[in-house]
Chemist: 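Take a look at this one; I'll ask things after.
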Amino acid sequence: MPGDEASPQSPRSPRSPRSPRPPQAPAHTPHAPPAPRAPSDPLPALERAERFIWLTARVLEQRRFAFHFLGGDADPVDTALGSYLNPDGGYGHALDPDLRGPLSQPLHTAHALRVLDGLGRCAGQRIERLCRHLTGVSTPDGALPVVFPAPHDYPTAPYHPVHDNPAGELLTTGPVVGLLHRNRVWHAWLFRATDFCWDRVENLHRTHPYEVQSAVAFLDGVPDRARAAAAADRLGRLVRERRLVVLDPRRRAEFPPAPGYAPGEQLFPHDFARRPESLARGWFTDEEMRRSLDFLAAAQQADGGWPVRREAWAPGSSLERRPIATLEALLTLRAYGRLPVRVSRPGPVPPR
């Protein structure tokens, strides 16, 4: 769903009212990390990111990088993702670093679907089993909560509080439904879950940036494109009116973080329109998007990775989150033509 390729974050304080305004126009085996160069002869951005991935990332993110940028095969990614799969058809084991422990959780499901969507493998018996799992764990209104209560107190990020009877949330349901529709999955679970998302999206008045990201993920995948376009237009007006997006990175102080967000935890146009074909791209002018992408490219740090601006609550979660954020930054920059299609140095297998 949305966020770096990370989970969206639940606000810890009440949401404030929102009112609209029209938007302006629009591998196999990985090879050794490259040797570092002197500061006077820096590596290109993609190669610096590659070194960061090999040095810090989980096996899953290493395999994903090889697939997306080194011409690697999809099978190693699939195998790595399979280690997070539970017998109930859901995903657990801190696939989303904000939720620790083995239990299947909706945020893990959304993360797994993003990985499978990137591979072009969001189909088949695995997805059928996943949908059966979602049917069994949904709330009475057919939606997914952010976190299911568990018999054991596994650690979770403080911005994802655990409730005894959690309500369904667009934050988690929207990305799951959107990705399943995007991949033309048809399952009985989708009927009520889709209705839930439509109702929430078309009646959003009090929201926050991560929930907007989830709404975009739903609208970008749902089959009724005319209805989705109308809902996106209204949502874009809301986002601009309520200043939920930093339109000019040079004036960040004029766009304070949403209630409950960490200092500096602000979202930019590229965070909503991660791909040029997203409906959210129409919310921003070409100049606004250019500034946003310039800011994203410049945010690469000295070690080659991108920062995570949400609250750091556990060392392991923070370490695992940065390679995910780095992959998402690279994919977004490449989608907008800011990176080469692949690393100039050949990967371990022929390009796809």
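Because only heavy atoms are used, hydrogens play no part in the values below, and waters and symmetry mates are left out as well, while side chains stay in. Just so you know, residue 1 is the first one in the sequence shown, and it goes up from there.
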Chemist: How far apart are the C-alpha atoms of Asp88 and Arg132, what are their side-chain angles, what is the distance that settles it, and do they pass the side-chain contact (heavy atoms from CB on, under 4.5 Å) test?
Modeler: CA-CA 9 Å; Asp88 61 8; Arg132 288 202 301 269; over 6 Å; no

Chemist: How far apart are the C-alpha atoms of His111 and Tyr84, what are their side-chain angles, what is the distance that settles it, and do they pass the side chain to side chain donor-acceptor pair (under 3.5 Å) test?
Modeler: CA-CA 11 Å; His111 196 116; Tyr84 297 90; over 6 Å; no

Chemist: Looking at Thr207 and Glu211, would you say the former's side chain and the latter's main chain have a donor-acceptor pair under 3.5 Å?
Modeler: no

Chemist: Examine the side chains of His181 and Thr194 and answer whether a donor and an acceptor come within less than 3.5 Å of each other.
Modeler: yes

Chemist: Name the one of Arg310, Gln105, His108 that satisfies side-chain hydrogen bond (donor to acceptor under 3.5 Å, both in side chains) with Asp98?
Modeler: Arg310

Chemist: Are Arg121 and Asp78 close enough for a salt bridge, meaning some N to O gap below 4.0 Å?
Modeler: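 Salt bridge present between Arg121 and Asp78.
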
Chemist: Just by modelled atom types, is the Asp195 backbone N or O under 3.5 Å from a matching donor or acceptor in the Asp199 side chain?
Modeler: no

Chemist: Is Phe284 linked to Val212 within one hydrophobic cluster, defined over Ile, Leu, Val, Met, Phe, Trp and Tyr using a side-chain heavy-atom separation of less than 4.5 Å?
Modeler: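 Yes; tracing contacts between hydrophobic side chains, which count when under 4.5 Å, links both residues.
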
Chemist: Would you mind checking if Arg51 and Glu47 are paired as a salt bridge, meaning a charged N to carboxylate O distance below 4.0 Å?
Modeler: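 No, Glu47 and Arg51 are not salt-bridged.
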
Chemist: So if I apply the salt bridge (charged side-chain N to carboxylate O under 4.0 Å, His left out) rule between Asp248 and each of Arg243, Arg291, Arg290, which one comes out positive?
Modeler: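 The single option meeting the salt bridge (charged side-chain N to carboxylate O under 4.0 Å, His left out) with Asp248 is Arg291.
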
Chemist: For Arg281, is there an ion pair with Asp286 - N to carboxylate O distance below 4.0 angstrom?
Modeler: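 Arg281 and Asp286: salt-bridged.
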
Chemist: Carefully, step by step, assess Glu61 and Arg321 under the rule salt bridge (Lys or Arg N to Asp or Glu O under 4.0 Å).
Modeler: CA-CA 10 Å; Glu61 282 71 54; Arg321 178 68 69 196; over 6 Å; no

Chemist: May I ask you to check if Arg100 and Tyr154 form a cation-pi contact, with NZ or CZ under 6.0 angstrom from the six-membered ring centre and within 45° of the axis?
Modeler: no

Chemist: Side chains of Leu190 and Leu180, heavy atoms from C-beta outward: is any pair under 4.5 Å?
Modeler: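 Answer yes - side chains close enough.
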
Chemist: Taking atom types as modelled and ignoring hydrogens, do the side chains of His270 and Ser292 form a donor-acceptor contact shorter than 3.5 angstrom?
Modeler: yes

Chemist: Keeping Asp220 on the side-chain end and Gly178 on the backbone end, is there a donor-acceptor pair under 3.5 Å?
Modeler: no

Chemist: Any salt bridge linking Arg322 with Asp303? Criterion: basic side-chain nitrogen under 4.0 Å from a carboxylate oxygen.
Modeler: yes

Chemist: Is the count of non-hydrogen atoms from other residues, nucleotides or ligands lying under 6.0 Å from Gln125 atom CD greater than 12?
Modeler: no

Chemist: Would you confirm whether the ring centroid of Tyr210 sits within less than 6.0 angstrom of the ring centroid of Tyr261?
Modeler: yes

Chemist: Before accepting this row, confirm whether a basic side-chain N of the pair Arg182/Asp117 lies closer than 4.0 Å to the acidic partner's carboxylate O.
Modeler: yes

Chemist: If you draw the axis of the six-membered ring of Trp198, does the NZ or CZ of Arg227 fall within 45° of it and under 6.0 Å from the ring centre?
Modeler: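 Yes; both conditions hold, so Arg227 lies above the ring face of Trp198.
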
Chemist: Test your reading of the model: is there a side-chain donor-acceptor pair from Ser214 to the backbone of Leu171, 3.5 Å cut-off?
Modeler: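 Pair found, side chain donor or acceptor close to backbone of Leu171.
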
Chemist: Could you tell me whether the side chain of Thr172 and the main chain of Leu144 form a donor-acceptor pair under 3.5 Å?
Modeler: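 Looks like yes, one N/O pair under 3.5 Å.
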
Chemist: Would the distance check show the side chain of His187 and the main-chain N or O of Trp189 forming a donor-acceptor pair, the cut-off being under 3.5 Å?
Modeler: yes

Chemist: Less than 6.0 angstrom separating the ring centers of Trp306 and Phe52, yes or no?
Modeler: no

Chemist: Keeping Glu265 on the side-chain end and Pro257 on the backbone end, is there a donor-acceptor pair under 3.5 Å?
Modeler: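 Flag not set: sc Glu265 to bb Pro257 has no pair under 3.5 Å.
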
Chemist: Can a donor-acceptor pair be found, under 3.5 Å and without considering hydrogens, that links the side chain of Arg240 to the backbone of Trp283?
Modeler: yes

Chemist: For Phe69, is the NZ or CZ atom of Arg64 found under 6.0 angstrom from the centre of its six-membered ring and inside 45 degrees of the ring axis?
Modeler: no

Chemist: Between Gln266 and Arg309, is any side-chain donor less than 3.5 angstrom from a side-chain acceptor?
Modeler: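 No, Arg309 and Gln266 have no side-chain donor paired with an acceptor closer than 3.5 Å.
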
Chemist: Taking NZ, NE, NH1 and NH2 as the nitrogens, is one of them in Arg338 or Asp294 under 4.0 Å from a carboxylate oxygen of the other?
Modeler: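 A salt bridge is present here (some side-chain N lies under 4.0 Å from a carboxylate O).
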
Chemist: Shared ILVMFWY cluster between Leu319 and Leu95, side chains joined below 4.5 angstrom?
Modeler: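 No; Leu95 is not reachable from Leu319 via cluster members.
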
